[in-house]
There are 2 protein chains.
Amino acid sequence: MPSDDRKKSRVTLLDVARHANVSRATASLVIRKSPLVGAETRVRVEAAMRELGYVYNMGAARLRAERSHTVGVVVPNLTNPFFAELLSGIEAVIDSAGMVVILANSGDLVERQDMVMRRMREHGVDGVILCPAADTAPEFVERVGEWNLPLVQVLRHVSEDVDYAGVDYAAGMRQAVDYLASLGHRKIAFAVHGPVHSAYLERIEGFREAMVSRGFDPGMIIRVPYQTARIPASAHLLFDKGEEPTAVICFNDVVALGLSAGLHDLGREVGENFSLVGFDDVAEAEVMRPRLTSVSTGPVTIGENAARLLLDRLIDPMLPPRRVVKETQLHIRQSCAPLAVTTL
Amino acid sequence: MPSDDRKKSRVTLLDVARHANVSRATASLVIRKSPLVGAETRVRVEAAMRELGYVYNMGAARLRAERSHTVGVVVPNLTNPFFAELLSGIEAVIDSAGMVVILANSGDLVERQDMVMRRMREHGVDGVILCPAADTAPEFVERVGEWNLPLVQVLRHVSEDVDYAGVDYAAGMRQAVDYLASLGHRKIAFAVHGPVHSAYLERIEGFREAMVSRGFDPGMIIRVPYQTARIPASAHLLFDKGEEPTAVICFNDVVALGLSAGLHDLGREVGENFSLVGFDDVAEAEVMRPRLTSVSTGPVTIGENAARLLLDRLIDPMLPPRRVVKETQLHIRQSCAPLAVTTL
DNA sequence: CTGAAAGCGCTTACAG
DNA sequence: CTGAAAGCGCTTACAG
């Protein structure tokens with residue numbers, strides 16, 4: 001009978017307090033592990049909670065305490081395994097801080113991002129980790145700060161005045177170019193795709209600088225389709241311009257996988273008469289044949305960094321803006337060959 | 001000055017009501033788009049909300065209305081691209097229902113799953129979509145129902161009495177076996193890995209039945225490592241038993257990718273003198289060489305189905321348990337060859 | 001169609 | 001160390 005009516009049956013803190021013969025305030029202190037309450041009392045209250053099957057009502061607590069123990073995470077794309085790994089890193093540290101993540105997808109569209117951020121505010125998240133959609137205005141993320149909503153940018157950044165956790169894309173490109181140069185390559189292409197944002201531009205800029213500083217032509221940049229399945233058929237773009245490259249650096253491993261297939265279709269032997277470098281170093285790199293040489297970015301770690309940045313800011317909102325930019329690492333496998341061999 | 005003090009400055013519904021010269025109740029009705037309020041009044045209240053920069057406080061609303069507009073999603077693994085796609089489908093329909101997803105990772109561990117589910121309750125989610133960790137007891141998911149917490153199982157199921165959205169794994173295996181049989185294969189291996197759960201057992205069972213019904217030996221089941229990078233080196237397991245298979249069906253595309261590399265390393269030519277079928281049909285299948293023939297499961301759709309099941313149950317909690325089991329589809333590409341060619 | 005009052009389940013000072 | 005009271009920002013009957 002009593003468990004028959006649905007909501008009404010909720011066990012409240014007051015029930016627990018009565019059952020344990022203490023006041024509601026005392027019970028509240030026990031829950032929050034305050035040292036103010038005596039050991040004997042604590043044990044009694046805890047027993048009462050167990051016996052009654054009490055469940056803490058975070059919603060009620062939040063209303064009073066103005067903290068929701070939730071953080072919003074908004075990414076432009078959930079399908080991409082790269083974001084899945086990022087999310088995994090974020091979730092792990094947010095979880096171990098006793099908080100919970102509210103997830104949203106902006107679809108890389110600023111209008112959707114507006115909506116999503118409003119929804120986050122309505123849900124009273126304590127802070128948000130945002131990978132800004134392409135074309136996000138700096139004012140947008142700065143405005144969030146004015147709402148008293150702590151924010152950290154992840155992977156992409158549009159404002160210098162807001163925390164950022166990412167990776168040194170430009171240095172990663174330099175590592176790739178240096179490595180290929182050490183093998184004797186000078187005609188190196190760069191295959192890009194997808195929406196334009198800071199992480200995109202940094203890669204392009206890094207490529208350009210690295211090429212120019214060695215006196216190489218930085219102009220061999222091709223754009224391949226965003227859709228994975230259509231990348232192989234675009235491999236011919238590498239050879240359509242005047243001078244043929246002997247190596248290609250890829251925007252990410254998805255492009256590397258696609259071009260690798262496309263080069264194969266064109267009769268090129270990757271790792272023998274053509275060299276290919278990936279970017280991100282996802283798990284698949286190890287099981288490609290030839291094994292893919294790739295610049296590792298470590299999305300899980302980036303996610304962890306972003307979450308820690310946010311946690312710090314929650315503790316001290318007055319912290320000056322910080323950036324945690326992780327170094328990349330070139331993971332050499334088998335997809336590149338010395339130019340000598342290439343020209344045989 | 002007024003925006004200087006942080007929390008205190010929140011604009012409340014009462015502020016809006018005063019600004020618009022109506023009562024708080026009326027303002028509340030406007031927000032919830034009740035038809036009870038006059039057009040002129042509505043416009044005035046909406047203008048006030050805009051002018052004041054009002055943000056709805058979901059937390060306060062939930063406390064009174066006993067609905068949080070949040071749903072919990074707990075998956076065993078965030079890193080796996082398959083779950084990322086599932087999540088993407090869930091998020092899309094939850095979002096368009098005006099709700100928000102709280103995400104958690106059970107790590108496929110029942111103890112962590114206990115914790116996570118408790119956290120979900122504390123946060124007052126309206127329902128949860130759960131991919132049960134391996135070894136989850138049926139009682140566990142049934143108990144959730146007794147908490148008055150609507151639950152749907154996704155991808156894996158441990159109880160018949162609780163909603164389930166998944167895919168017909170057994171039929172998928174049958175499709176794979178039938179196809180290989182049509183090419184003349186009879187010595188077909190099955191390569192599995194990972195934790196044991198319903199989706200695992202259904203695949204094994206489907207394989208066994210399909211093989212036995214044709215009079216083939218269903219005993220060639222090998223277990224490869226869970227870690228992607230270690231799969232290629234385990235390809236020799238296919239040939240360690242007495243009879244050598246001429247084809248292998250893989251537990252999923254990750255296994256297919258790994259074994260494809262391992263077979264290559266052993267000097268076998270996939271799609272020529274050895275046949276290989278994947279499972280899941282992820283985007284990468286199209287860019288493998290040879291292109292991977294794979295049984296497609298469509299995780300995005302499964303996620304959408306699960307979310308809709310939950311939404312329905314939220315509307316009517318008394319619905320009998322339902323299951324939405326999607327059909328698989330064999331996507332034929334190039335990784336299988338007729339046995340005739342194989343034996344040449 | 002609108003207003004005044006009570007209450008959702010906590011936490012927070014403030015006394016004792 | 002514990003108790004009584006007020007209040008977080010909404011929604012819900014209940015009158016008018």
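Order of the sequence lines fixes the chain letters, A, B, ..., with proteins taken first and strands second; residue numbering starts at 1 for each chain. Keep in mind it's a predicted model, so treat the numbers as computed, not measured.
- Checked by atom type, the side-chain pair A:R24/A:S28 shows no donor-acceptor distance below 3.5 Å.
- Computed from coordinates, the B:Y56 OH to D:dC10 P distance equals 8 Å when rounded to whole Å.
- Along DNA chain C, the nucleotide nearest B:A25 and the nucleotide nearest B:R64 are compared for position; the residue whose nucleotide lies closer to the 5' end is B:A25.
- Using a cutoff of 4.0 Å between basic side-chain nitrogens and carboxylate oxygens, B:D126 and B:R62 are not scored as salt-bridged.
- Across all strands, B:R62 comes closer than 4.0 Å to no nucleic acid atom at all (heavy-atom distances).
- With A:R112 contributing its side chain and A:N105 its backbone, the two residues share a donor-acceptor pair below 3.5 Å.
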Strand DNA chain C in bracket notation, Watson-Crick/G-U under 3.5 Å with | for pairs to another chain:
|||.||||||||.|||
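- For B:A60 and B:R32, each mapped to the nucleotide of DNA chain D holding its nearest heavy atom, the one lying further toward the 5' end belongs to B:A60.
- Residue contacts shown for A:R24 include a base, since a base heavy atom lies under 4.0 Å away.
- Comparing B:A65 and B:L36 against DNA chain C, the residue whose closest nucleotide sits nearer the 5' end is B:L36.
- Under 3.5 Å, the side chains of A:S159 and A:Q153 contain no donor-acceptor pair of N or O atoms.
- Closest to the side chain of B:T26, out of C:dT12, D:dG3, C:dT2, is C:dT2.
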